Number of protein chains: 2
Amino acid sequence: MTKPDDFDLQAFLPYLLNQAAEEASLGFQKVYKDRYGLLRSEWRVLFHLGIFGRLTATEIGAQGKVHKTKVSRAVQRLADRRLVKRARSEEDRRVEWLELTPAGEKVYRDLREVAQGYEGSLLAQLSEAEMQTLKGMLLKLAGRTN
Amino acid sequence: MTKPDDFDLQAFLPYLLNQAAEEASLGFQKVYKDRYGLLRSEWRVLFHLGIFGRLTATEIGAQGKVHKTKVSRAVQRLADRRLVKRARSEEDRRVEWLELTPAGEKVYRDLREVAQGYEGSLLAQLSEAEMQTLKGMLLKLAGRTN
DNA sequence: GCTTGTTAGTTACAAAAACAACTATTACCA
DNA sequence: TGGTAATAGTTGTTTTTGTAACTAACAAGC
């Protein structure tokens, strides 16, 4: 057994994707965490509601492939901070409709702005065509297309 | 404020990368977890040692951008299972040299095999050229080049 | 030598995530 | 109906991670 052997860890896709994902998340995390004290699961819920308006926790979980306990706790914290408003459904009393409050809207719009600018800076290293290719391939890998 | 607005969360790079990374990790995780009861940080340490031979914990941390406490705990568990052998350095008694045991080698070789096969199946959806492009861009994003 | 600073690695505590069990409500159907 | 299963969401418990403080060993300057 001679070392080093020829396996290239840096090029192993799950590993490489993870490194890229972590790196890419950092810059944005810094903002939502430092500026608003949000967790990853929380900005995600916030964005879902910002984009689609009124949703239930289950719908958010399904759209974002997030476990319901994560959604539940994220919603709890967002509601505590008055960023999200919860309203029990009249038709089905198990269901709770979620919506951003005006304060939540404000945070969402600010973070959306940041997100767009931040993504721009990430993609600045790539050409428009490369960007399209990259996203297409990531979508395939994420199993969102077929 | 009309909903839904035009921000595309699925196409937001940090989000998309995360989804792809998670999805891509699942298949491999299933093997190292179910077959050997390893955690993510553990298979990584195992691979570093399998590839490069004798390393210190600090070197592993630097190469893989992993915090030293994570390495420390991974090494501890690997040593408990007799997959890694630790030896205090004679020149500098703060340093510990880490190496795979024969049992560790065996696990490494098996998992390397699995990794290669698994990556092949992931990349089967892509052409050779696409694969090269994808990895190149991910390397850029991961900040490994420049 | 002795003080101060640095480095390798561990440990302790707090934050977050994963998993399972639970309550409440609705749906199904014999 | 009444009993069983399914669904929405929450709560409790265990793992895992992150952060900071710590011990031990070495380095460097005086």
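A, B, ... follow the sequence lines: proteins, then strands. Residue 1 opens every chain. These figures come from a predicted structure and were not determined experimentally.
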Distances for protein N or O near nucleotides 3-5 of chain D N or O, under 3.5 Å:
none

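For Arg81(B), there are no side-chain hydrogen bond (donor to acceptor under 3.5 Å, both in side chains) partners at least two apart in sequence or on another chain. Residues passing the side-chain hydrogen bond (donor to acceptor under 3.5 Å, both in side chains) test with Arg86(B) are Glu96(B), sequence neighbours excluded. Arg82(B) is linked by a side-chain contact (heavy atoms from CB on, under 4.5 Å) to nothing, counting only residues two or more places apart in sequence or in another chain.
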Quick one: side chains of residues 25-34 of chain B, donor-acceptor pairs under 3.5 Å with protein atoms, not counting sequence neighbours, listed by atom name and distance.
from	atom 1	to	atom 2	distance (Å)
Ser25(B)	OG	Ala21(B)	O	2.8
Lys30(B)	NZ	Asp34(B)	OD2	2.5

Using residues 67-76 of chain A as the side-chain source, report each donor-acceptor pair under 3.5 Å to any protein atom, sequence neighbours left out, with the distance given to one decimal.
from	atom 1	to	atom 2	distance (Å)
His67(A)	ND1	Thr69(A)	N	3.2
His67(A)	ND1	Thr69(A)	OG1	3.1

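Legend: salt bridge (charged side-chain N to carboxylate O under 4.0 Å, His left out) pairs involving residues 123-135 of chain A, not counting sequence neighbours, sorted by first then second residue: Glu119(A)-Lys135(A).
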Between Tyr15(A) and Asp8(A), is the side-chain hydrogen bond (donor to acceptor under 3.5 Å, both in side chains) condition met? List the steps. CA-CA 10 Å; Tyr15(A) 185 92; Asp8(A) 186 356; over 6 Å; no
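Separating the CD atom of Glu42(B) from the C1' atom of dT17(D) is a distance of 13 Å, rounded to the nearest angstrom. When the P atom of dA25(D) is taken as reference, atom CZ of Arg93(B) falls 7 Å away, rounded to whole Å. The nearest whole Å value for the distance from the CD atom in Glu90(A) to the P atom in dT26(C) is 10 Å. Going from atom CG of Leu98(A) over to atom C1' of dT10(D) covers 14 Å, rounded to whole Å.
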Base, backbone or nothing for each nucleotide of nucleotides 7-17 of chain C, written B, S, -, heavy atoms under 4.0 angstrom, 5' to 3'? BSBBBB---SS
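Cluster partners of Val95(A), by chain and number: Trp97(A). The rule joins Ile, Leu, Val, Met, Phe, Trp and Tyr whenever side-chain heavy atoms lie under 4.5 Å apart.
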